[in-house]
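So the structure is just underneath, and the comments pick up after that.
A note on names: the letters A, B, ... follow the listed sequences, proteins ahead of strands, and every chain is numbered from 1.
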Amino acid sequence: MSNPVIRCRIAPSPSGFLHIGTAKTALYNWLFARSQGGTFILRLEDTDADRTEEQYVEAMCEGIKWLGIDWDEGPQFGDEPAKGAFGPYRQSERRQLYRQEAARLLAEGKAYKCFCSKEELDVQRDLAAREKRPPRYSGKCRNLTQEEITAKGDAPYAIRFRVPEGETVVDDIIQGAVRFNNKEYDDFIIVKPNGDAVFHLAVVVDDGLMKISHVIRGDDHLTNAGRHVMLFNALGYPLPQFAHTPLVHDEQGKKFSKRLHGANILDWRADGYLPETMINYIALLGWTSEEEGREFFSLDDLKRLFTLKRLTKSPARFDRKKLDWLNGQHIRMLTPEQLFYRVLPIMQAHGLQVADRSREWLVSIVAICQEKIPTLNHIIPFTDFFFRQVTAYDEKGRQKYFQKPESLLWLQTALSALESTDAWCHDALKEAYEQAAAGTDIKIGMLVNTTRLALTGKTVGPGLYELTELLGRDEALARMKHALTFVESSGEFTT
RNA sequence: GGCCCGUUCAUCUAGGGGUCUAGGAUGCGGGAUUCUCAGUCCCGUUACAGGGGUUCGAAUCCCCUACGGGCUGCCA
């Protein structure tokens, strides 16, 4: 199902990493385009040369790629070649287009030259603020005669848009019809004295020429949309549909500060979250499924089910707890093999000696953690004991299992259960423990937890029988004896 | 200051005049899983910002107030 009419875009300003808010905008545009068989376009808003650096372009690219968002048209970006028939896709390469369109507006009297200096305007703005008046442009150059303009010679000038009288309505898919009295808008500048377009002109020219059908973006642009509608009309472009989505707030309910850990989408990768999770979670931050109660969505589900009608009006707070839960859900959806490949680099980075082990065994130790870990990074505390000797026992665990009057009995009972087990596998181990507990007044939990502490040094981890099987008979028995010595010597760790 | 947008459980939300003594999910609390839990299952917990209208009836419509946010740049 392909729909040539639906064209959406994400137009990030490459002045940093991929911010969570930008990711949300990108995601909604992408999902909408994909759900409709439309086209998704990437455009770089790098008009402000001072603030653009190639390294930022790279960083942003990495974030978008990690999320798995792909585009049909866009500039050369990372290792993606430029593609699409409406280019160029970097604003810095479209200056000529903006100038042409500005010249048209000028010729049609829909814009005018303004010779006021920046200093002059700053003074006026300050004065207005001090007198508590709305900071409006005085309109000094609005009605200059041809003679007056000619008299200016080659004095530098900006180009201002001549805001028409009347009312402007932004017919927004999310917000409904939002009305603005044009008096609220200044004659805003569309071209700087250096000839560069200002954001408002650039977006409208780009969206118009690129035949964007739906502009989905943060509602910080809602007021700007009024300006844009006027500009679309003045330039004679058909109006796109607008959808202004609420912003994402941090866990304190404040704007997501760019400095905060988590503002960069790649922070979440570093913390062990899957891209599937982030997509799913961000989608939920402002969109709900028709299917009430459903919150787990794969990428394919989302691409199919996403609708603009189900977008939410109020801003959402980022909730780490729910993200954790969702990440666990997505981890559980992977096959053990897939999970292994996701987790392997993390294990290597933490110095676990995976090279000496068989892949089959490695997949197995990952598999027994799959049901329990909330993030990929949790694989480390859940498996590190397979690779390292136990050199310390968890403090709370020690008090609970190693420092009780019965501790030695528990350990010895567990040890003989292990020694008596011939078939070293989950079921046989389970049976051995059950038998050892039966007929005594030792609770099986004590045997299990004491063993866990002896074998892993921890109180939390994968299932005991699974872990014991994979640890191997010799190693397990050695660690048990070691623990026994430790407890006998009343807490002194000896080797 | 002006204009614009928003406000349902702790959090994300459903709901758009009667079916709402407000539903779901996460969190939290309790129980179960004769092994830990950060897993799984079950049970429980809590909300229509406030005030006025309109109406037989309002979470739902209107107005005001409060609070939060945005725009008001030769930033995007």
Look at [X] together with [Y] and state whether they make a salt bridge at an N to O cut-off of under 4.0 Å.
X        : Y        : value
A/Asp172 : A/Lys313 : no
A/Asp206 : A/Arg9   : no
A/Arg99  : A/Asp196 : yes
A/Asp207 : A/Arg43  : yes

Review point. Side chain of A/Arg317, base of B/rC12: donor and acceptor closer than 3.5 Å?
Key: no
Please measure how far the [atom1] atom in [N] lies from the corresponding atom in [M], and state the result in whole Å.
N      : M      : atom1 : result
B/rU72 : B/rG29 : C1'   : 49 Å
B/rG16 : B/rG73 : C1'   : 39 Å
B/rA14 : B/rA25 : C1'   : 11 Å
B/rG50 : B/rA38 : C1'   : 41 Å
B/rU54 : B/rC62 : P     : 15 Å
B/rG27 : B/rC9  : C1'   : 11 Å
B/rA59 : B/rC48 : P     : 10 Å

What nucleic acid atoms does [X] come within less than 4.0 Å of, heavy atoms only: base, sugar-phosphate, or nothing?
X        : value
A/Gly286 : sugar-phosphate
A/Pro462 : base
A/Ala316 : sugar-phosphate
A/Gly461 : base
A/Thr459 : base
A/Ser117 : base
A/Lys118 : base
A/His200 : base
A/Leu464 : base
A/Thr375 : nothing
A/Cys369 : nothing
A/Asn224 : base
A/Arg332 : sugar-phosphate

Does [N] have OP1 or OP2 sitting under 4.0 Å from an N or O in the side chain of [X]?
X        : N      : value
A/Thr288 : B/rA14 : yes
A/Lys322 : B/rU11 : no
A/Lys255 : B/rG68 : no
A/Arg310 : B/rG15 : yes
A/Lys192 : B/rC75 : yes
A/Arg217 : B/rA76 : no

Closest to the [X] side chain: [options]?
X        : options                : value
A/Leu222 : B/rG27, B/rA14, B/rC5  : B/rC5
A/Ser13  : B/rU40, B/rC74, B/rA76 : B/rA76
A/Asp319 : B/rG69, B/rU26, B/rC74 : B/rU26
A/Glu466 : B/rC35, B/rG15, B/rC74 : B/rC35
A/Trp325 : B/rA38, B/rU13, B/rU26 : B/rU26

Let me know the distance between [atom1] of [X] and [atom2] of [N], rounded to the nearest Å.
X        : N      : atom1 : atom2 : value
A/Glu295 : B/rG27 : CD    : C1'   : 12 Å
A/Leu285 : B/rG6  : CG    : C1'   : 16 Å
A/Tyr98  : B/rA76 : OH    : P     : 10 Å
A/Glu291 : B/rU13 : CD    : P     : 18 Å
A/Asp186 : B/rC3  : CG    : P     : 15 Å
A/Leu326 : B/rU13 : CG    : C1'   : 14 Å
A/Lys321 : B/rG27 : NZ    : P     : 8 Å
A/Asp250 : B/rC12 : CG    : C1'   : 15 Å

Point to revise | Minimum-distance pair of heavy atoms, taken over all atoms of A/Asn327 and A/Leu376 | key: ND2-N, 4.3 Å
Check your understanding: Is the NZ or CZ atom of A/Arg227 both under 6.0 Å from the centre of the six-membered ring of A/Phe188 and within 45° of that ring's axis?
Key -> yes
Point to revise | First of A/Arg136 and A/Pro315 reached from the 5' end of RNA chain B, by closest nucleotide | key: A/Arg136
**Study point:** Nearest-nucleotide comparison on RNA chain B, the residue closer to the 5′ end among A/Lys430 and A/Glu371
**Key:** A/Lys430
Quick one: look up who [N] pairs with, Watson-Crick or G-U, both distances under 3.5 Å, and put none if it's unpaired.
N      : result
B/rA49 : B/rU65
B/rG16 : none
B/rC71 : B/rG2
B/rU21 : none
B/rU55 : none
B/rC28 : B/rG44
B/rC35 : none

Revision key, fill the gap. Paired with A/Leu285, the side-chain contact (heavy atoms from CB on, under 4.5 Å) test is passed by just one of A/Val248, A/Thr245, A/Asp319, A/Thr312, namely A/Val248
Check your understanding: Would a distance-only check, ignoring hydrogens and angles, find a side-chain to backbone donor-acceptor pair under 3.5 Å from A/Gln241 to A/Ile173?
Key -> no
Check your understanding: So do the side chains of A/Ser314 and A/Pro246 get within less than 4.5 Å of each other, counting heavy atoms only?
Key -> no
Exercise for review: Would you check if there is a donor-acceptor pair between the side chains of A/Glu395 and A/Gln399 at a distance under 3.5 Å?
Suggested key: yes
Practice item. Give a yes-or-no answer on whether the side chains of A/Asp187 and A/Tyr137 include a donor-acceptor pair shorter than 3.5 Å. Key: no
Check your understanding: Which residues in residues 167-180 of chain A have at least one heavy atom lying under 4.0 Å from any atom of RNA chain B?
Key -> A/Gln175, A/Val178, A/Arg179, A/Phe180
Check your understanding: Relative to the ring of A/His426, is the ring of A/Tyr465 parallel (under 30°), tilted (30 to 60°) or perpendicular (over 60°)?
Key -> perpendicular
